[in-house]
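Data block below; observations after.
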Amino acid sequence: MSRSYEHTTVEARWQVYWEREGIFRATEDASRPKYYCLEMFPYPSGRIHMGHVRNYAIGDVVARYKRMRGFNVLHPMGWDSFGLPAENAAIERGVHPDVWTHENILYMRSQLCRLGLSYDWTREVATCEPGYYKWNQWFFLKMYEKGLAYRKRSSVNWCPSCETVLANEQVEEGLCWRCDAVVIQKELEQWFFKITDYAEELLRGLTTLTGWPERVLVMQRNWIGKSLGVEVDFPLAEPKPDLPAIRIFTTRQDTIFGATFMSVAPESPLVERLIEGRPQAASVREFVVRVSRQDKAVRTDADREKEGIFTGAYAVNPFTQARIPIWVANFVLYEYGTGAIMAVPAHDQRDFDFAKQYGIPIKLVIQNQAGSLTEDRLDGAYEEQDTAGRLVNSDRFSGLSVPEAKTKIAAFVEEQGLGRRTVNYRLRDWGLSRQRYWGTPIPMIYCRACGVVPVPERDLPVELPKDVPFTGKGSSPLAQVKEFVQAACPKCHGQARRETDTMDTFVDSSWYFLRYCSPQADRQPVDPAASGYWMAVDQYIGGIEHAVLHLLYARFFTKVIRDLGLTKADEPFLNLLTQGMVTKETYRCATHGWLLPSDLLGSEGEGWRCAICQGVAQKGRVEKMSKSKKNVVDPERLIDTFGADTARLFSLFAAPPEKDLEWSDSGVEGAFRFLNRVWRLLGDLAGTLHAERGTSNEREAEPVAPQVLELRRLTHRTIKKVTDDIERDFQFNTAIAALMEFVNGLYKFAAERHADRSGTPAPGEAAAFGEAAEALVLLLAPFAPHVAEELWEVLGRAPSVAQQPWPQYDPALVASERLTIPIQVNGKLRSKVEVPADSTEEHVLAMAKQDAKISEWLQGKPTRKVIYIEKKLVNFVV
RNA sequence: GCGAGAGUGGCGGAACUGGCAGACGCGCGAGACUUAGGAUCUCGUGGGAAACCGUGGGGGUUCAAGUCCCCCCUCUCGCACCA
């Protein structure tokens, strides 16, 4: 064969073959070990981007490799197809979200197929299909029954640009995670999932996730934010019958003797009770209104000034009996703990700042080791939590260390009936109501007579109406659709109103991996038998941006679904690989902003100019590919020019999966060149191999020439290296490097073979070369599957290479016969000697001393010490 | 501020438990084949004339340090009043 490598024909041919033969279809088979390989499903935005290519190339190597290792692999794909962009398309271009979404899915599916990804497409799901979101509604009803879904009026994060509510997880530094608009607070009736019921289990479960990156575990741990402390009642100086005391939460009960005032959150209803009938009432109210109007960005700003106002009321410190003032303070959070705190300025920096500002006394109750702290000369809070500090001014507890005091005071609080030990979490319940159209309708009905009534299960799904006005203004489009809103009450059949909010789209992605196990199940969302076989996901691959949001919600849903008896899995994802971003250099012009590569003139050496204005263009930083920075590369163009195998190979070779991948056009060409090299090598030699195969069944039968043995060693070392690199955290970049070395070695071998072609091949040569060629194709198959299939056929083997077993290496052939031992003198490399691998220490040392360069270095100097590391190195210390 | 990770040739990156720093690729240089080469093949390629010097900087441990310990600098990411 000497036909050139035509990627377009080759790739199309095998994609058709795989599909036609159903090579990647997965069925439950109890006799085989399963492997569930999953990549995060995409939002159908229109076209795939390089981030998808990388994500799915990584996943496909894992799936194909595991298949060749004999696993029954489930490798599904689907569409996270509810979401705002579809609605925006409707508003901006008048295309219905449903049409827009389905067109996008159609196109992107064809793009994924062109990448040659080994999915079982019969299991495809799209979350915007009634057959899928019906089960979102079903889960919602089940959770409502169990009290895990509830409705409450509360102050919520509101994105004025998306015109919808956001969960806490979806607010980043006071900005909307999706559009970066400043999030404001709004009072609304909202549906919540009681994720806090699972806080402890979600936290404990993290310790079992040994296959997750440490930083994701840390992020989740921090997000859940468990703290142990006590709740203590501080009696009011003028108690009211229904309000005798104010309850606080603290983790620093050891400092309770230093509490010189109290602070209450502005939103707390306590405020109104405390100021009743006092002269301070009006100004306090004014303060509360002012603070609660501030938007999230201002309120959560790190160096926001501490502000407060005295309520006029006093409490009594139950430990010191001191009368202490009660303040309202802007930094106290209503949603955390009890919404009120005891303030210990000497040992809490926030309280210290506050006390200094308003002239509140500071009382020292922990002294440092030197005993140098004094109340009047403190320039910051002494926040020692370890054993270095000792309690002072704390009655019977004085002299204790902080940890001792924490335990003893907590016990004392309980003994005296002043309060109790408690646990607090930072995690809040998941607000899931969204005032949008393109999402799952929440299956609830409001009846004037019966109140809130769930839609009966038999009436599911509550389908999204198609005929809806998209104006982009006002409340949810659903609320405008009379036929949708008007509903009969399921209980009394009277006229009632349907809930018009839809669910957060994170609900969709919280259980799709379970749906893949039995995508056609129509009596329940998940078939327990199927999920029993496939769950949990053995390897999950996706971007780090979901470290908290999606991965926390999915863990929560899995536990709820387990408690419903539909799966046995406690955790959805056993191993998690968070792949890095795809980045590229950027260019900027002072007047025209970010520049496309096509708007650049000049070169690296002579400098860049803007093609629009001829002005100087600056080479910017390497940034994540994004349209706004104009540094994107379209995968489709890449596939057209070089083919899917090249696109895959480059994105796997240029960096290890978890690190960022910097785009390089010449790197892509390098990958393409490599595939061409492989193609030519096997093409040119296949003919020779076929010719000689008849006479060369002598593998291991007769003695082989030394260079043939070396070839076999190279083959087996490569098998080992590629296998080890994949097994060791999917180090595909070094695995591919080993394949390149292998190919370089084979070329060299072939060249030498041609060079001294005297007529008769060396003994065992054809067999050794056949073995090498076969191994090469098999090892290449997960990375460049199309080329591998084609070459497998060229080698005279029947398809599909994807179904072949992974090659085995012979340990005896992995070890070299001869070793090159570096020889050092005083730790510096001076020479090398080549010795048989089984040489004794004496022999190696003798060889080393004989070496001309070494004997020169050793001459006239007494050798003080000789370091000999077997098979590794010799070091003479003189 | 707290937490995590990273800093290695002209560039992307190798180096697993301390043992030949720079695998592999890109780029660059030379040669071969060619009407031609931006195709392909072969060879070379950290710096330096050399001794030597080289893994962000400075100390240390060790026969031996990119790797271990201490101090410092820079960058990236996450969290950021959670009592």
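Labels below follow one simple rule: chain letters A, B, ... track the order of the sequence lines, proteins then strands, and each chain is numbered from 1.
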**Request:** Any chance you could measure A/Tyr587, atom OH, to A/Trp608, atom CH2, to the nearest 0.5 Å?
**Result:** 4.5 Å
**Item:** Interatomic distance, A/Ile869 CD1 vs B/rC20 P [rounded to whole Å]
**Value:** 11 Å
**Asked** Between atom CD1 in A/Ile544 and atom P in B/rG78, what is the gap in whole Å?
**Response** 9 Å
**Item:** A/Ser664 side, atom OG; A/Lys584 side, atom NZ - distance, nearest 0.5 Å
**Value:** 9.5 Å
**Message:** Nearest whole Å is fine: how far is B/rU62 P from A/Asn826 CG?
**Reply:** 15 Å
**Request:** Examine B/rA80: is either OP1 or OP2 under 4.0 Å from a nitrogen or oxygen in the side chain of A/Arg426? Give yes or no.
**Result:** yes
**Approximate separation, where rounding is to 0.5 Å, of A/Leu845 CG and A/Met847 CE** = 11.5 Å
**Prompt:** What salt bridge (Lys or Arg N to Asp or Glu O under 4.0 Å) pairs are there with at least one residue in residues 721-734 of chain A, not counting sequence neighbours?
**Reply:** A/Arg69-A/Glu727, A/Lys720-A/Asp724, A/Lys721-A/Asp725, A/Asp725-A/Arg728
**Asked** Are side-chain N/O atoms of A/Asp353 and A/Gln357 paired as donor and acceptor at under 3.5 Å?
**Response** no
**Prompt:** Taking the same atom, P, in B/rG7 and in B/rG12, what whole-Å distance lies between them?
**Reply:** 12 Å
**Asked** Taking atom P of B/rC24 as reference, at what distance in whole Å does atom CZ of A/Phe672 sit?
**Response** 22 Å
**Message:** Is the distance from the ring center of A/Phe261 to that of A/Phe354 below 6.0 Å?
**Reply:** yes
**Item:** Side-chain-base donor-acceptor pair under 3.5 Å for A/Lys832 and B/rC20
**Value:** yes
**Prompt:** What interatomic distance, in whole Å, is found between C1' of B/rU17 and the corresponding atom of B/rG57?
**Reply:** 28 Å
**Asked** Can you check whether A/Arg621 has a side-chain N or O nearer than 4.0 Å to OP1 or OP2 of B/rU76?
**Response** yes
**Complete:** Rounded to whole Å, OH of A/Tyr336 lies from C1' of B/rA80 at a distance of 14 Å
**Request:** Take A/Lys624 and A/Glu545, measure what salt bridge (charged side-chain N to carboxylate O under 4.0 Å, His left out) needs, and give me the verdict at the end.
**Result:** CA-CA 13 Å; A/Lys624 177 178 181 172; A/Glu545 65 273 19; 5.2 Å; no
**Request:** Go through B/rC82, B/rA23, B/rC20 for me and flag the one nearest to the A/Pro822 side chain.
**Result:** B/rC20
**Asked** To the nearest 0.5 Å, what is the distance between CZ (A/Phe742) and CG (A/Leu776)?
**Response** 5.5 Å
**Asked** Looking only at atom C1', what distance separates B/rC52 and B/rG56, rounded to whole Å?
**Response** 22 Å
**Touch class at under 4.0 angstrom, heavy-atom based, for A/Arg221 against every strand present** = nothing
**Item:** Toward the 5' end of RNA chain B, by each residue's nearest nucleotide, A/Tyr425 or A/Phe876
**Value:** A/Phe876
**Request:** With P as the reference atom in both, quote the distance from B/rG22 to B/rC81 in angstrom, rounded to an integer.
**Result:** 49 Å
Exercise answer: donor-acceptor pairs, residues 245-259 of chain A side-chain atoms, under 3.5 Å, sequence neighbours excluded:
| residue | atom | partner | partner atom | Å |
| --- | --- | --- | --- | --- |
| A/Arg247 | NE | A/Asp233 | OD1 | 2.8 |
| A/Arg247 | NH2 | A/Asp233 | OD2 | 3.2 |
| A/Thr250 | OG1 | A/Arg252 | N | 2.8 |
| A/Arg252 | NE | A/Asp254 | OD1 | 3.2 |
| A/Arg252 | NE | A/Asp254 | OD2 | 3.4 |
| A/Arg252 | NH2 | A/Asp254 | OD2 | 2.9 |
| A/Arg252 | NH2 | A/Glu384 | O | 3.3 |
| A/Gln253 | NE2 | A/Lys406 | O | 3.1 |
| A/Thr255 | OG1 | A/Arg252 | O | 2.7 |

**Item:** B/rG59 versus B/rC2 - spacing of their C1' atoms, nearest Å
**Value:** 27 Å
**Request:** Would you mind telling me which of B/rC75, B/rC20, B/rG19 lies closest to the side-chain atoms of A/Asn875?
**Result:** B/rG19
**Fill in**
B/rG46 glycosidic conformation (syn if within 90° of 0, otherwise anti) is anti
**Donor-acceptor side-chain pairing of A/Asp429 and A/Thr196 below 3.5 angstrom** = yes
**Prompt:** With a 4.0 Å cut-off on heavy atoms, is A/Arg350 in touch with a base, just the backbone sugar-phosphate, or nothing at all?
**Reply:** base
**Message:** By nearest heavy atom, map A/Ile867 and A/Gly337 onto RNA chain B; which one lands nearer the 5' end?
**Reply:** A/Ile867
**Prompt:** With under 30° as parallel and over 60° as perpendicular, where do the rings of A/Tyr5 and A/Trp679 fit, or are they tilted in between?
**Reply:** tilted
**Asked** With respect to the side chain of A/Thr251, which nucleotide from B/rU76, B/rA83, B/rC24 is positioned closest?
**Response** B/rA83
**Message:** When the C1' atoms of B/rC24 and B/rC69 are compared, how many Å lie between them, rounded to an integer?
**Reply:** 33 Å
**Request:** Using only heavy-atom distances, determine whether the side chains of A/Asn222 and A/Arg426 contain a donor-acceptor pair under 3.5 Å.
**Result:** no
**Request:** Scan A/Thr250 against the nucleic acid and name what it touches under 4.0 Å (heavy atoms): base, sugar-phosphate only, or nothing.
**Result:** sugar-phosphate
**Prompt:** Do A/Val230 and A/Ile409 come within less than 4.5 Å of each other through their side chains, counting heavy atoms only?
**Reply:** no
**Item:** Euclidean distance, atom CG of residue A/Asn744 to atom C1' of B/rC43 [Å, nearest integer]
**Value:** 13 Å
**Prompt:** If you measure from the P atom in B/rG66 to the same atom in B/rA21, how many Å do you get, rounded?
**Reply:** 8 Å
**Asked** What does A/Ser263 touch in the nucleic acid at a heavy-atom separation under 4.0 angstrom: a base, only the sugar-phosphate, or nothing?
**Response** nothing
**Asked** For every nucleotide of nucleotides 27-41 of chain B, 5' to 3': is a protein heavy atom under 4.0 Å from its base (B), only from its sugar-phosphate (S), or from neither (-)?
**Response** S------------SS
**Watson-Crick or G-U pairs under 3.5 Å in RNA chain B, rendered as dot-bracket with [ ] for crossing pairs and | for another strand** = (((((((..(((......[....)))((((((.......))))))((....))..(((((..]....))))))))))))....
With the criterion being N/O to N/O and under 3.5 Å, what pairs connect the protein with nucleotides 3-13 of chain B, and how long is each?
| residue | atom | partner | partner atom | Å |
| --- | --- | --- | --- | --- |
| B/rG12 | O2' | A/Ala654 | O | 3.0 |

**Prompt:** Using 4.0 Å as the upper bound for N to carboxylate O, is an ion pair formed by A/Lys853 and A/Asp851?
**Reply:** no
**Asked** Rounded to whole angstroms, how far apart are CZ on A/Phe261 and C1' on B/rA83?
**Response** 11 Å
Just the table, please: protein N/O against nucleotides 15-18 of chain B N/O, every pair under 3.5 Å.
| residue | atom | partner | partner atom | Å |
| --- | --- | --- | --- | --- |
| B/rA15 | OP1 | A/Arg728 | NH2 | 3.4 |

**Complete:** Taken to the nearest 0.5 Å, the spacing of A/Phe650 CZ from A/Trp663 CH2 works out to 5.5 Å
**Message:** How long is the straight-line distance from CD1 of A/Ile309 back to CG of A/Asn330, given to the nearest 0.5 Å?
**Reply:** 11.5 Å
**Message:** Please give the distance between the P atoms of B/rA23 and B/rG46 as a whole number of Å.
**Reply:** 8 Å
**Message:** I need the CZ-C1' distance between A/Arg864 and B/rU62, as an integer number of Å.
**Reply:** 13 Å
**Request:** May I ask you to check whether over 12 heavy atoms, not counting those of A/Arg215, lie within 6.0 Å of atom CZ?
**Result:** no
